[in-house]
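Working notes, structure below.
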Amino acid sequence: MNLLSVHDLAVSRGGLRAVEGVSFTLAAGRALILRGPNGIGKTTLLRTIAGLQPAVGGRIDLAEDAVAYAAHADGLKGQLSVAENLRFWARVFGGGGTRDALEAMNLKALAERPAAALSAGQKRRLGLARLLVTGRPLWVLDEPTVSLDSASVERFGAVIRAHLATGGAALMASHTDLGLNEARELDLTPFRARPGSPRRPASFNEAFA
Amino acid sequence: MNLLSVHDLAVSRGGLRAVEGVSFTLAAGRALILRGPNGIGKTTLLRTIAGLQPAVGGRIDLAEDAVAYAAHADGLKGQLSVAENLRFWARVFGGGGTRDALEAMNLKALAERPAAALSAGQKRRLGLARLLVTGRPLWVLDEPTVSLDSASVERFGAVIRAHLATGGAALMASHTDLGLNEARELDLTPFRARPGSPRRPASFNEAFA
Amino acid sequence: MSIWEYANPVKFMRLSDAILPWTVAGAAIFTIGGVLWGFLTPQDYRQGATVKIIFLHVPSAMMAINIWVMMLVTSLIWLIRRHHVSALAAKAAAPVGAVMTLIALATGAIWGQPMWGTWWEWDPRLTSFLVLFLFYIGYIALWSAIEDPDSAADLTGVLCLVGSVFALLSRYAVLFWNQGLHQGASLSVAPGERMSAVYRYPLYLSMLGFFLLFLALLLIRTRTEIRRRRLAALQARETRA
Amino acid sequence: MLALLRRDLVLAVRAGGGFGLAVAFFLIISALVPFGVGPGVAALRPIAAGILWLGALLSCLLSLDRIFALDHEDGSLDLLATAPVPLEGAVAVKALAHWITTGLPLVAASPLFGILLHLPGQAMPWLIISLLIGTPALSMLGAFGAAITMGLRRGGLLLSLLVLPLYIPTLIFGTEIVRRGADGGDPGTPILFLAGITLAVLALVPFAAAAALRINLR
Amino acid sequence: MLALLRRDLVLAVRAGGGFGLAVAFFLIISALVPFGVGPGVAALRPIAAGILWLGALLSCLLSLDRIFALDHEDGSLDLLATAPVPLEGAVAVKALAHWITTGLPLVAASPLFGILLHLPGQAMPWLIISLLIGTPALSMLGAFGAAITMGLRRGGLLLSLLVLPLYIPTLIFGTEIVRRGADGGDPGTPILFLAGITLAVLALVPFAAAAALRINLR
Ligand code: HEM
Ligand SMILES: Nc1ncnc2c1ncn2[C@@H]1O[C@H](COP(=O)(O)OP(=O)(O)OP(=O)(O)O)[C@@H](O)[C@H]1O
Ligand SMILES: Nc1ncnc2c1ncn2[C@@H]1O[C@H](COP(=O)(O)OP(=O)(O)OP(=O)(O)O)[C@@H](O)[C@H]1O
Ligand SMILES: [Mg+2]
Ligand SMILES: [Mg+2]
């Protein structure tokens with residue numbers, strides 16, 4: 001069963017199409033890594049799939065409330081402790097298992113530390129631990145391993161594999177090697193949007209171009 | 001001639017020593033990469049050397065106004081264009097050559113774009129271009145290649161090499177391969193601070209522990 | 001022996017441990033004694049029984065000012081000599097000072113009702129006290145807002161310095177502002193010289209009591225603060241290791 | 001939802017002061033006004049009701065400007081928007097949390113400030129009632145303004161420019177209640193109007209605010 | 001230094017409104033006050049000077065709270081602290097930029113608001129003079145408060161709690177100048193006091209603010 005299928009998708013940022021004509025499907029248990037040079041539109045694509053912005057063309061099919069999104073900003077509150085941050089998201093998503101999540105990303109020792117007192121990599125680990133408490137099947141991750149040391153990258157790989165093994169799926173954008181050999185890769189370079197007015201303008205910039 | 005020499009340095013974060021007993025020197029034309037797991041204290045060490053926080057022990061010898069620091073936050077103003085951002089820092093540091101800097105980090109095409117409309121990697125490229133306009137010899141860089149695609153990482157390597165060739169030096173912290181084979185590496189793991197009260201407490205945590 | 005050894009928290013704990021019981025006992029005896037004695041004094045011919053509130057009002061008003069001065073001194077010691085206990089003493093004193101100000105304001109208001117027929121009057125002296133109260137709560141709020149203890153100590157120290165200057169400045173500005181409407185001598189009770197010994201001695205006693213009360217509270221709160229810091233430090237070290 | 005409310009309250013308390021802060025601000029405003037307009041009862045009594053209401057408006061403004069901006073900057077809002085809670089609900093809860101930390105303490109402490117500004121005694125209950133009815137609308141309208149200006153780096157002044165005009169009806173009826181109460185008149189009509197405004201605001205504005213948030217997130 | 005001033009001004013203009021914003025806020029305050037206290041000349045004239053000065057205080061507060069926080073969040077402050085400009089100078093320049101975007105337009109527009117609030121004609125020049133002398137101190141003291149609360153996520157209310165008490169002397173002497181001007185008295189003494197305060201503030205507070213910034217950067 002496909003958790004996500006994308007057909008002829010076009011997305012826009014700042015009023016201009018970034019990539020267009022992107023199609024792929026993601027079945028349960030599969031991972032897909034988006035590749036492409038800086039500025040091609042990976043972040044934009046992921047935000048569109050997460051439902052944070054509308055697509056300007058094509059179709060995205062996915063179940064409601066299936067997506068857990070994680071980006072550069074980890075959504076942490078500096079004044080709350082690591083455990084409190086996690087617990088909050090667990091409550092919001094109706095998930096649970098904050099203890100397992102802390103364990104999985106090696107945050108046990110830091111559980112009572114305010115999030116503001118974490119190092120860059122520790123923050124990122126907490127941001128990833130959040131995924132585990134959402135209980136969502138489709139993870140949409142934007143450069144998930146930034147700032148992580150190699151041990152944590154491995155740990156993250158294990159977490160992803162466990163997620164895939166339990167019927168989840170993951171869509172990621174990254175410039176580095178994630179150590180996930182089983183993941184497919186999709187290079188967005190060929191889908192770079194060509195200038196030229198589309199049929200139905202999506203924004204002021206397109207309407208008056 | 002040594003641009004930087006560090007002797008028996010101890011640095012603290014959140015009132016606790018992070019690493020101690022670190023000694024190294026950095027001569028003109030040399031690069032040093034700090035390694036170590038998340039949370040060991042790389043960022044703290046770099047900030048101390050940049051003069052943003054006081055050392056709690058040891059000595060740092062470097063010329064005044066020698067350091068250009070670049071961290072995760074690139075110091076960009078979203079409402080200013082790429083060129084304006086760069087020009088501002090050039091004026092503040094009394095440097096110049098914003099045009100060359102844009103060229104070097106492949107930002108020519110984006111020069112008039114507001115910085116808020118850049119992708120993550122493009123922002124980072126601008127942050128690195130800033131180093132070129134400071135005219136400072138010692139670059140202190142915290143995870144400089146985060147979010148960069150491989151072409152940009154190569155470009156960055158070339159920039160560093162050119163800086164070293166003109167008598168500069170670079171001190172960097174990174175978890176990934178920077179493609180700088182000539183750089184020395186220093187693993188901070190053995191310098192992790194051991195608990196135990198120091199002679200003169202540097203903070204509340206040490207004073208009352 | 002360096003200044004640091006002398007200012008060591010362990011030494012402070014030992015010293016305060018020794019004098020704390022005496023201070024508490026003295027505070028209890030003198031405060032209660034002074035106020036009780038005050039209440040047993042004869043009624044004033046003009047003000048009636050309401051004059052008795054003076055035994056709460058004046059000592060608390062004096063302490064309110066003195067505590068701020070003490071905070072200024074300890075803040076300076078912290079900023080210059082990095083004496084940690086000193087910073088904590090300033091932190092511990094602030095709420096006591098704020099409460100003293102509040103007591104002075106409240107007793108003043110209660111007194112004002114029969115004397116002036118109003119709970120509150122923008123008299124320069126009362127207004128200055130309100131301003132002092134504002135400085136107290138600003139200082140306390142800043143302490144509670146900053147997580148990092150070192151930054152909090154430094155920033156509140158700087159605030160205390162600047163605040164002291166402006167508190168003084170405000171006092172003069174307030175006097176300037178409300179010259180014309182200043183309460184005449186007929187309303188405000190004339191100071192010390194007309195006060196008979198009947199009132200003076202119990203007043204001195206309760207002043208001493210209030211001072212000891214402050215000292216006791218200060219010691220207790222500083223000790224609590226030190227213990228809390230010690231706990232936090234040990235916890236931080238544990239998670240770091 | 002409850003988790004969000006609890007988090008916002010905890011954050012308000014930890015981020016310095018929480019409940020006391022709004023009251024303290026109110027106290028300062030009450031102290032500054034006599035410095036500005038002079039200390040006499042004659043000068044203060046007629047304007048007391050208006051000043052107290054203006055103070056409520058301003059303390060609302062000063063505390064509201066960043067409620068969405070912070071969540072936006074640290075990415076929480078992106079995550080909340082993908083969470084299984086309706087954004088309208090999240091807005092309402094955030095406004096509620098704001099009211100609990102700002103409006104409610106204000107209502108409770110208002111008689112004190114009434115005394116400072118020489119508000120006549122018989123007007124006190126009306127002051128409390130008018131603030132109790134009116135401040136929820138202030139929080140909700142402020143949340144709407146904060147949602148609109150969320151993406152802007154310095155929203156403070158702009159926010160007040162957008163929100164203060166929206167506060168005008170509340171201000172008018174609120175002060176009218178107190179004024180009539182002070183003069184011994186019948187404050188029934190303005191109370192009805194004020195309650196009507198508050199109810200309408202609470203019912204409708206969350207949708208507008210959520211729409212503004214969605215637009216800003218794009 | 002000049003580059004910093006220019007950047008701050010450009011940012012203020014681009015980040016919505018710039019010069020006009022403070023004036024607009026002032027306008028709203030001047031419009032709200034009659035709603036609060038009643039519209040008659042008799043009600044407004046005696047409080048006009050005070051309200052105008054209070055409006056200046058508040059518009060200062062609302063625009064100041066984030067001047068250092070923003071630079072801190074995006075990392076500019078780290079870079080500025082390592083740049084070859086003294087931090088004290090940077091603080092002074094930022095306060096100056098703030099004054100140019102807030103204080104100066106206010107001074108220029110104040111006669112208009114004086115008319116709105118029925119300030120007597122002979123007080124107008126004194127209003128302008130008092131604001132011209134006093135507002136630089138407001139900007140500088142506000143910068144100090146902003147530096148202290150820089151690291152806090154919601155500084156708004158706390159900032160006002162710290163800064164407004166510092167504004168008291170300026171407010172008192174400022175309104176006194178206008179009041180004496182209106183009554184035909186001699187405003188010489190308060191002008192001297194006000195100028196003295198402003199000069200002292202401008203000379204000394206940058207050091208305190210820079211110290212606070214350094215502490216917050218650690
Ligand atoms: C809320 C209001 C009030 C405040 C904040 C206040 C404050 C003060 C202060 C600061 C002092 C000076 C203590 C000293 O310097 O020794 C004082 C003393 C005094 N106050 Fe008040 N006061 C208030 C109301 C009143 C009222 C209503 C009265 C009486 C009608 C009053 C009568 C006195 C007397 C008799 C003294 C002692 C005489 C002296 O040492 O000068 N106070 N008060
Ligand atoms: N407001 C805007 N106006 C015009 N173009 C914009 C605007 N905002 C973003 N863009 C452009 O949209 C493109 C897509 O950006 P996006 O962040 O999706 O790239 P990305 O693939 O994630 O890059 P990176 O690898 O650097 O993260 C970029 O070229 C960016 O410059
Ligand atoms: N306020 C604080 N209290 C206690 N510990 C803190 C505080 N702030 C930071 N730390 C700890 O200080 C240590 C050093 O952090 P630092 O950011 O220097 O690490 P780093 O080597 O740069 O890590 P990374 O690779 O993740 O960037 C970390 O373990 C961090 O958790
Ligand atoms: Mg991206
Ligand atoms: Mg780091």
Side-chain angles (χ1 to χ4, degrees), chain A residues 11-15 43-44 46-56 62-81 84-95 98 114-116 123-124 126-127 130-131 133-136 138-140 142 202-203, chain D residues 1-21 63 66-94 96-98 101 147 150-153 209-218:
Chain A
V11 299
S12 83
R13 181 79 205 283
T43 300
T44 313
L46 294 181
R47 286 181 68 86
T48 311
I49 287 172
L52 290 168
Q53 57 178 76
V56 294
L62 80 176
E64 214 181 307
D65 286 348
V67 174
Y69 174 70
H72 300 276
D74 291 309
L76 305 179
K77 292 292 171 193
Q79 292 106 335
L80 300 183
S81 75
E84 282 170 329
N85 266 298
L86 215 50
R87 219 145 43 212
F88 167 67
W89 288 113
R91 285 220 190 86
V92 166
F93 279 89
T98 56
K123 272 192 190 127
R124 179 36 61 114
L126 178 52
R130 188 186 56 82
L131 292 169
V133 302
T134 59
R136 294 277 176 93
L138 178 61
W139 290 0
V140 174
D142 200 357
S203 73
Chain D
M1 293 296 237
L2 219 68
L4 186 59
L5 180 63
R6 185 164 358 166
R7 183 192 69 156
D8 267 28
L9 292 179
V10 169
L11 282 176
V13 170
R14 300 226 179 129
F19 301 89
L21 226 48
S63 50
R66 310 218 64 227
I67 59 167
F68 294 117
L70 283 177
D71 278 355
H72 180 48
E73 277 160 27
D74 66 18
S76 304
L77 209 55
D78 284 349
L79 304 179
L80 266 183
T82 58
V85 290
L87 212 48
E88 287 77 10
V91 169
V93 165
K94 273 183 151 313
L96 175 64
H98 176 264
T101 50
M150 178 186 90
L152 304 175
R153 310 261 52 206
L213 281 186
R214 285 212 188 83
I215 292 165
N216 267 325
L217 279 182
R218 275 211 302 253

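Each chain gets a letter, A, B and so on, in the order the sequences are listed, and its residues count up from 1.
A distance of 4.0 Å separates CZ of A:Arg91 from CZ of D:Arg6, quoted to the nearest 0.5 Å. Atom-to-atom distance recorded for A:His72:NE2 and D:Asp78:CG is 11.0 Å, nearest 0.5 angstrom. Here the CG-CG distance, from D:Leu79 to A:Leu52, works out to 8.5 Å after rounding to the nearest 0.5 Å.
For A:Arg136, the part lying near chain D is the side chain, with the backbone staying farther off; criterion is any non-hydrogen pair under 4.5 Å. Contact annotation for A:Asp65: only side-chain heavy atoms (C-beta onward) come within less than 4.5 Å of a heavy atom of chain D. Of the two parts of A:Glu64, neither the backbone nor the side chain holds a non-hydrogen atom closer than 4.5 Å to a non-hydrogen atom of chain D. Using a 4.5 Å cut-off between heavy atoms, D:Leu77 makes no contact with chain A at all. If you measure heavy-atom distances from A:Arg13 to chain D, you find no contacts under 4.5 Å at all.
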**OP:** Tell me, with the steps shown, if D:Val85 and A:Phe93 meet side chain to side chain contact (heavy atoms under 4.5 Å, CB included).
**Re:** CA-CA 8 Å; D:Val85 290; A:Phe93 279 89; over 6 Å; no
Which is it for D:Val10 and A:Lys77 under the side chain to side chain contact (heavy atoms under 4.5 Å, CB included) test, yes or no, and what are the steps along the way?
CA-CA 11 Å; D:Val10 169; A:Lys77 292 292 171 193; over 6 Å; no
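Put simply, of D:Arg218, D:Arg214, D:Arg7, the one with the most heavy-atom pairs under 4.5 Å next to chain A is D:Arg7. Counting heavy-atom pairs closer than 4.5 Å to chain A, the top residue among D:Pro84, D:Ala3, D:Ala81 is D:Pro84.
Shown here for A:Gln79 and D:Leu11, the closest heavy-atom pair between the two residues is OE1-CD2, 3.5 Å.
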